Amino acid sequence: MNIPFLGNWRKRHDQAHGTAVMTAREADPQGVAQLLSECELLRARAASAGVGLDDSAASLAALDQLLPRWRDDPDELPWLGNDAGLYLGTVIIRTVPGALWQVWPNGRPVVRLSSGREIDVVGAGHEWAADGAPELSYVYAEVAEV
């Protein structure tokens, strides 16, 4: 449906995508990293399945092997996807030299690599939670080899 005034309203009220308001280095890198690494729902689901999340690449591979029971709960799916993305970002930040959190104006956290490349880890987490692909360990391996 084409509603002309709605398109104009969106142009005035949407925030720019892809532009950083701040980087973790400019603000409080430890505080941002700690806040984004909590991932309580994902950690609880992993623990109940006997998977320990130690912020390592191996833990991403272990998550990829979990039975996706959360897909049966439409209320839990987006939350778990968000947590999976934040956990993926946490592993990248802690293991890939020069990687840091960056927050877009719309509030979406991404990981910025030293090369300047931005990784939408939350988007990857949502795709993983909904479809199982791409696997979290695959996204990590792709980022880590850069």
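Values below: all heavy atoms of this structure, side chains included; hydrogens, waters and symmetry mates excluded. All values reported here derive from a predicted model rather than from experimental measurement.
Applying the side-chain hydrogen bond (donor to acceptor under 3.5 Å, both in side chains) criterion to Asp120, with sequence neighbours excluded, gives Arg108. The side-chain contact (heavy atoms from CB on, under 4.5 Å) test applied to Thr95 returns Val91, Tyr140, not counting sequence neighbours.
Shown here for Val51 and Ala62, the closest heavy-atom pair between the two residues is CG1-CB, 3.6 Å. Across all non-hydrogen atoms, the minimal contact from Asp83 to Cys39 is OD2-C, 3.2 Å. When every heavy atom of Thr90 is checked against every heavy atom of Trp101, the shortest pair comes out as N-CZ2, 3.6 Å. Here the shortest heavy-atom pairing between Gly89 and Val111 reads CA-CG2, 3.7 Å. Here the shortest heavy-atom pairing between Trp79 and Asp75 reads CD1-O, 3.0 Å. Annotation for Gly81 and Ala129: closest pair CA-CB, 3.5 Å, computed over non-hydrogen atoms.
Within 6.0 Å of the CZ atom in Arg71, the count of heavy atoms belonging to other residues, nucleotides or ligands exceeds 12.
Atoms CG and OH, from Leu42 and Tyr87 in turn, are 8.0 Å apart once rounded to the nearest 0.5 Å. To the nearest 0.5 Å, atom CD of residue Glu135 and atom CD of residue Glu142 are 13.0 Å apart. The NE2 atom of His126 sits 9.5 Å away from atom CG of Leu80, with the distance rounded to the nearest 0.5 Å.
Panel note: side chain Trp104, backbone Val110; no donor-acceptor pair is recorded below 3.5 Å.
Cluster annotation: Val122 is connected to Leu77 through the hydrophobic network of ILVMFWY side chains, with a link wherever side-chain heavy atoms come within less than 4.5 Å. A continuous path of hydrophobic side-chain contacts links Leu41 to Leu88 [ILVMFWY only; heavy atoms under 4.5 Å].
A 4.5 Å side-chain heavy-atom check between Ile92 and Leu113 finds at least one atom pair inside the cut-off.
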Show your working on side chain to side chain contact (heavy atoms under 4.5 Å, CB included) between Leu63 and Trp128 and close with a plain yes or no.
CA-CA 10 Å; Leu63 284 173; Trp128 173 82; 4.2 Å; yes

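Screening residues 36-64 for salt bridge (charged side-chain N to carboxylate O under 4.0 Å, His left out) gives Arg43-Asp55, Arg45-Glu76, Asp55-Arg94 as the qualifying pairs, with residues at least two apart or on separate chains.
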